[in-house]
Amino acid sequence: MKTAIVTGGAHGLGAAICARAAKAGYRVGVLDLKRDEAQACAAKLEGTGHVGLQADVTNEHQVKAAFDEFGVAPDLVVNNAGIVRFGPLVEHSIDDFRLVVNINLVGTYIVAREAGNRMIPRGSGSIVNLTSLNAVTPGPGAGAYPATKAAVANLTEHLSLELGPLGIRVNCVAPGFIDAGMSAPIYADPKVRALRGGAVPLRSLGSAEDVANAVIWLASDEAAYVTGHQLVVDGGVAHSVLLQLPRKVD
Ligand SMILES: NC(=O)c1ccc[n+]([C@@H]2O[C@H](COP(=O)([O-])OP(=O)(O)OC[C@H]3O[C@@H](n4cnc5c(N)ncnc54)[C@H](O)[C@@H]3O)[C@@H](O)[C@H]2O)c1
């Protein structure tokens, strides 16, 4: 049976990725800050053998212990845990900036390092990191978040070069306007939903399942020749600048 560890798996996009992985036949390790929340998510998944694991991704000892507890070198590791702190950059708290860098970038590196070391002896595996549309084009007011996600995209390429010859693929998924997880409060406002959804070339917000499908496809054998790639899941927003601007002014 294939196995997967999903960080930040207890809530939001992570929970959807765990559900999609279980549906695809993976035995899932739901890794999150609180063991009871990770276990509650694991208990709801289709199939058997799923477990809840506790670790803060910024703590390498906790990450190592969680992988030890999972027991086998996972076929798939999804670096999904992440946070955002909003505020204009010139006013932003430096503590908040450091916190976001530590969780989104250093935490992703710690987990990818652990995953790589477990996968190398077997000579196979797949790592999928969550970036964001903010990695492609920064959203004003999002503090350190865009810089961390751009850095994770670069880290993904770098890891893919070092781990590719060892049989391990490393890719990332960049979600756009997603009506779930950390963005759910933003889209609770019907005016924002309408404005943002209407600006998307595919004319709707994305769902957690849209993101989970992309993650599991990248991990699948159908993507066997894909590595170092950032798959943007945004309904076309990243390429829509000219669509948003008036062509003719009367
Ligand atoms: N929701 C969106 O619109 C959106 C868009 C683009 C990218 N993303 C990315 O998707 C990922 C998931 O986001 P979400 O919207 O589901 O967020 P969320 O806040 O709903 O869930 C984040 C999860 O990560 C866990 N977590 C936070 N810090 C952690 C740590 N230090 N160690 C372990 N677990 C930790 C939380 O407990 C939670 O379960 C993030 O990397 C985020 O940047 C989300």
Side-chain angles (χ1 to χ4, degrees), residues 5-20 29-42 52-67 77-86 96 98-112 114 128-139 142-153 155-156 172-188 192-193 196-197 200 204-212 214-215 230-235 237-238:
I5 289 179
V6 180
T7 73
H11 304 285
L13 305 191
I17 295 165
C18 290
R20 184 65 186 80
V30 181
L31 183 152
D32 216 298
L33 287 170
K34 294 192 177 149
R35 183 177 292 275
D36 57 339
E37 293 180 3
Q39 283 171 338
C41 176
L53 305 167
Q54 189 284 326
D56 181 330
V57 295
T58 65
N59 182 321
E60 67 263 41
H61 306 293
Q62 290 183 11
V63 167
K64 184 177 182 311
F67 273 71
V77 170
V78 184
N79 257 309
N80 165 81
I83 64 162
V84 63
R85 291 287 182 273
F86 293 106
D96 273 356
R98 284 204 175 101
L99 178 72
V100 176
V101 170
N102 202 26
I103 294 176
N104 293 7
L105 177 57
V106 183
T108 294
Y109 168 63
I110 287 172
V111 173
E114 192 64 41
V128 181
N129 300 320
L130 269 287
T131 58
S132 167
L133 184 55
N134 278 273
V136 181
T137 180
Y145 185 82
T148 64
K149 293 300 187 176
V152 170
L155 180 69
T156 302
C172 54
V173 169
F177 301 164
I178 307 298
D179 186 15
M182 60 171 65
S183 300
I186 300 172
Y187 300 121
V192 177
R193 286 184 72 83
R196 281 262 173 125
V200 176
S204 69
L205 299 173
S207 67
E209 290 69 31
D210 291 326
V211 177
V215 169
Q230 176 162 244
L231 179 50
V232 179
V233 179
D234 72 341
V237 173

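All residue numbers refer to positions in the sequence shown, counting from 1. All ligand and atom numbering here is 1-based and tracks the order in the structure.
- Looking only at distances, a side-chain donor or acceptor of Ser207 sits under 3.5 Å from a matching main-chain atom of Asp210.
- Given atom 32 (N) of ligand 1, the protein heavy atom at minimum distance is Val57 N, 3.0 Å.
- Under a cut-off of 6.0 angstrom, the local environment of CZ in Phe177 is crowded, with over 12 non-hydrogen atoms contributed by other residues, nucleotides or ligands.
- Going from atom CD of Glu37 over to atom NE2 of His11 covers 3.5 Å, rounded to the nearest 0.5 Å.
- If you check which protein heavy atom lies closest to atom 24 (O) of ligand 1, you get Gly8 CA, 3.4 Å.
- Looking at Ala184 against ligand 1, nothing comes within 4.0 Å, counting heavy atoms.
- Given atom 20 (O) of ligand 1, the protein heavy atom at minimum distance is Gly181 CA, 3.3 Å.
- Within the 4.5 Å cutoff, no side-chain heavy atoms of Val30 are placed close to those of Leu53.
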Output, in order, the C-alpha distance, side-chain angles, deciding distance and verdict of side chain to side chain donor-acceptor pair (under 3.5 Å) for Arg85 and Tyr145. CA-CA 7 Å; Arg85 291 287 182 273; Tyr145 185 82; over 6 Å; no
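- When heavy-atom distances to ligand 1 are checked against a 4.0 Å cut-off, Thr131 comes that close only through its backbone atoms N, CA, C and O.
- The single protein non-hydrogen atom nearest to atom 22 (C) of ligand 1 is Gly82 O, 3.9 Å, given as residue, atom name and distance.
- Residue His11 approaches ligand 1 through these ligand atoms, each under 4.0 Å from one of its heavy atoms: 38 (C), 39 (O).
- Below 4.0 Å from some heavy atom of Asp56 lie the following atoms of ligand 1, by number and element: 30 (C), 31 (N), 32 (N).
- The nearest heavy-atom contact from the protein to atom 3 (O) of ligand 1 is Ser183 OG, 2.5 Å.
- Residue, atom and distance of the protein heavy atom nearest to atom 36 (C) of ligand 1 are Asp32 OD1, 3.4 Å.
- At the top of the distance list for atom 44 (C) of ligand 1, counting protein heavy atoms only, stands Leu13 CD1, 3.5 Å.
- Met182 CE, 3.8 Å is the protein heavy atom nearest to atom 13 (O) of ligand 1.
- A heavy-atom separation below 4.0 Å is found between Leu33 and ligand 1.
- Across all their heavy atoms, Ile178 and Ala208 have their closest contact at CG2-N, 3.9 Å.
- Looking only at distances, no side-chain donor or acceptor of Asn79 sits under 3.5 Å from a matching main-chain atom of Val128.
- Per-residue contacts place Asn80 under 4.0 angstrom from the following atoms of ligand 1 (heavy atoms of the residue considered): 10 (O), 11 (C), 12 (C), 40 (C), 41 (O).
- Proximity to Ala55 (heavy-atom distance under 4.0 Å) selects the following atoms of ligand 1: 32 (N), 33 (C).
- The atoms of ligand 1 that sit less than 4.0 Å from any heavy atom of Ser132 are 6 (C), 7 (C).
- At distances below 3.5 Å, not a single donor-acceptor pair connects side-chain atoms of Thr148 with backbone N or O atoms of Asn104.
- Residue Ala180 places a heavy atom under 4.0 Å from ligand 1.
- Contact annotation: for Lys149 versus ligand 1, heavy atoms closer than 4.0 Å belong to the side chain alone.
- Side-chain atoms of Asn129 and Thr156 include a donor-acceptor pair closer than 3.5 Å.
- Ligand 1 has no nitrogen or oxygen under 3.5 angstrom from a nitrogen or oxygen of Leu133.
- Not one N or O on the side chain of Gln54 forms a donor-acceptor pair closer than 3.5 Å with the backbone of Lys34.
- Judged by distance alone, with hydrogens and angles left aside, the side-chain atoms of Asn80 form no donor-acceptor pair with the main-chain N or O of Val6 at under 3.5 Å.
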Which is it for Gln230 and Thr131 under the side chain to side chain donor-acceptor pair (under 3.5 Å) test, yes or no, and what are the steps along the way? CA-CA 8 Å; Gln230 176 162 244; Thr131 58; 2.6 Å; yes
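- Of the heavy atoms in Tyr145, only side-chain atoms (C-beta onward) come closer than 4.0 Å to ligand 1.
- Here CG of Asp234 is found 10.0 Å from OG of Ser132. Values are rounded to the nearest 0.5 Å.
- Inclusion of Ile83 in the set of residues having an N or O under 3.5 Å from an N or O of ligand 1 is not warranted.
- Remark: the backbone N or O of Ile110 is not paired with any side-chain donor or acceptor of Glu60 at under 3.5 angstrom.
- Applying the 4.0 Å criterion to heavy atoms of Ile178 picks out, from ligand 1, the atoms 2 (C), 3 (O).
- The N/O atoms of Ile103, backbone and side chain alike, include none that comes under 3.5 Å of an N/O atom in ligand 1.
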